[in-house]
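These notes concern the structure reproduced below.
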Amino acid sequence: MSASKRVDQIAGHLNYPKGMLAGQVAIITGSGQGIGAECARLFANEGAKHTEKAEGVVSSIQSSGGQAIAVTGDVLDDAYIKTLIQKAADFGNGKIHIIVNNAGYTWDGVIHKMTDKQWHTIVDLHATAPFKIVRAAAPYFRVKDGEPRNIINISSTSGLHGNAGQINYALAKAGVTGVTKTIAKEWGPNFGVRANTVAFGHIATRLTAAKEAGAFVQLPDGEKVALGIPQKQKEAAGGQEHADIPLRRPGTATEAASAVLAVASPLFSYVNGETIKVTGGRAM
Ligand SMILES: NC(=O)c1ccc[n+]([C@@H]2O[C@H](COP(=O)([O-])OP(=O)(O)OC[C@H]3O[C@@H](n4cnc5c(N)ncnc54)[C@H](O)[C@@H]3O)[C@@H](O)[C@H]2O)c1
């Protein structure tokens, strides 16, 4: 049975005939592909309207009866953040209920070779941008209309445990756990906003595909950052690359997104300020 069918069944069982997120407006950054795209699809299945990054994902949601718009841009650009929040609020008739801070990539290097640019780009992308998005959305979360409000920041086992070659990413992904808890403490008491972190282990997406596949991100100054894990790193594991995962396999983007949906849903209505690990049991 597919993950989405399983979720549909749970929703039906608990009596959410229009979906667990019916009437809610969600912003999911980085939803053009990977985990974000799956979040968009699963959220739309549960009745959410949301603001997307990519046209392809939007048209597939619309063709299955969901509602979505694309707001394309770079979360490192302050003007884009302003536009994103404004367009989401317009789309939601003045309301935004959910933010999933998911956009990002890695730019690895060992400590003694890590440049300032590498450091700041990744910290800005995974920690500063989520903060700026949440800050810009404050008027839509600091409200008392009795409707649910949820912020989910995406982290990684690299942030919880550190990872050789990822000191920049480890700082940023550790940082968002503190950001999440601060949001929960500031906006929980008067406004009922829930904030949680979802930390993934190894999920099969472009981020963890072979570097040799040639995917890259182009920075505003033209520099290209290659994406993926070098094949030789996988080969060095001698067929044991999943030895540290009790389930002995990476997760799928759908499995990762299903956990994000669960956290956003009413099933998690009393879970707040937590870091939920979605790792197949890695690094218990
Ligand atoms: N795949 C994994 O194993 C794994 C593990 C832990 C955490 N994560 C985290 O999950 C999140 C999603 O990653 P994924 O695996 O789906 O990767 P992915 O490369 O498949 O998707 C990332 C998405 O983010 C977008 N993006 C990247 N930089 C952006 C920017 N500056 N502005 C706007 N959008 C931008 C990309 O266009 C893409 O749509 C990331 O935060 C990543 O760090 C992934």
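Ligands are counted one by one from 1 in listed order, and the atoms in each one are counted from 1 as well. Everything numeric in this text was worked out from a predicted model, so none of it was measured.
Across every non-hydrogen atom of Arg206 and Gln33, the tightest pair is NE-NE2, 2.9 Å.
Residue Asp74 touches ligand 1 through backbone and side chain together, judged by heavy-atom distances below 4.0 Å. By the criterion of a heavy-atom distance under 4.0 Å, the side chain of Ile154, and not its backbone, is placed next to ligand 1. Only the side chain of Leu125 comes within 4.0 Å of ligand 1, judged by heavy-atom distances.
Those atoms of ligand 1 that come under 4.0 Å of a heavy atom in Thr208, given as number and element, are 1 (N), 2 (C), 3 (O). Close approach to Arg206 involves these atoms of ligand 1, each under 4.0 Å from a residue heavy atom: 19 (O), 20 (O), 36 (C), 38 (C). Which parts of ligand 1 touch Gly34 is read off a 4.0 Å heavy-atom cut-off, strictly below it: atoms 16 (O), 20 (O). Interface atoms of ligand 1 facing His202, defined by a heavy-atom separation under 4.0 Å, are 3 (O). The ligand atoms of ligand 1 that sit less than 4.0 angstrom from a heavy atom of Gln33 are 18 (P), 19 (O), 20 (O), 21 (O), 38 (C), 39 (O). Within ligand 1, the atoms closer than 4.0 Å to a non-hydrogen atom of Gly73 are 32 (N), 33 (C), numbered from 1 in the order shown. For ligand 1, the atoms lying closer than 4.0 Å to a non-hydrogen atom of Ser156 are 6 (C), 7 (C).
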Scan the side chains in residues 275-284 for donor-acceptor partners under 3.5 Å anywhere in the protein, sequence neighbours excluded, and list what turns up.
| from | atom 1 | to | atom 2 | distance (Å) |
| --- | --- | --- | --- | --- |
| Thr279 | OG1 | Gly281 | N | 3.1 |
| Thr279 | OG1 | Arg282 | N | 3.2 |
| Thr279 | OG1 | Arg282 | O | 3.4 |
| Arg282 | NE | Asp244 | OD2 | 3.0 |

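For Glu186 and Arg142, the salt-bridge test fails: no basic side-chain N is under 4.0 Å from an acidic carboxylate O.
In this structure, Ser155 counts as a contact residue of ligand 1, since one of its heavy atoms falls inside 4.0 Å of the ligand. Residue-ligand proximity: Tyr169 is placed with a non-hydrogen atom under 4.0 Å from ligand 1. The shortest separation from a heavy atom of Thr29 to ligand 1 is not under 4.0 Å, leaving the residue out of contact.
Remark: among candidates Asp77, Val176, Leu207, the nearest residue to atom 4 (C) of ligand 1 is Leu207, based on non-hydrogen atoms. Among Asn153, Asp124, Ile35, Asn102, the residue whose heavy atom sits closest to atom 11 (C) of ligand 1 is Asn102. Of the listed options Gly36, Gly104, Ala257, Ser158, Gly104 places a heavy atom closest to atom 24 (O) of ligand 1. By heavy-atom distance, the residue among Ile203, Val217, Leu76 lying nearest atom 3 (O) of ligand 1 is Ile203. Residue nearest to atom 29 (C) of ligand 1, selected from Ala103, Ala256, Gly201: Ala103 (by heavy-atom distance).
A donor-acceptor contact closer than 3.5 angstrom is absent between the side chains of Thr197 and Asn153. In this structure, a donor-acceptor pair under 3.5 Å is present between the side chains of Asp108 and Gln166.
The cationic atom of Lys49 (NZ for Lys, CZ for Arg) lies less than 6.0 Å from the six-membered ring centre of Phe91 and within 45° of the ring axis.
A distance of 13.0 Å separates CD1 of Ile27 from CG of Asn102, quoted to the nearest 0.5 Å.
Other members of the cluster containing Leu171 are Ile111, Met114, Trp119, Val123, Ile167, with ILVMFWY side chains joined at under 4.5 Å, either directly or via other members.
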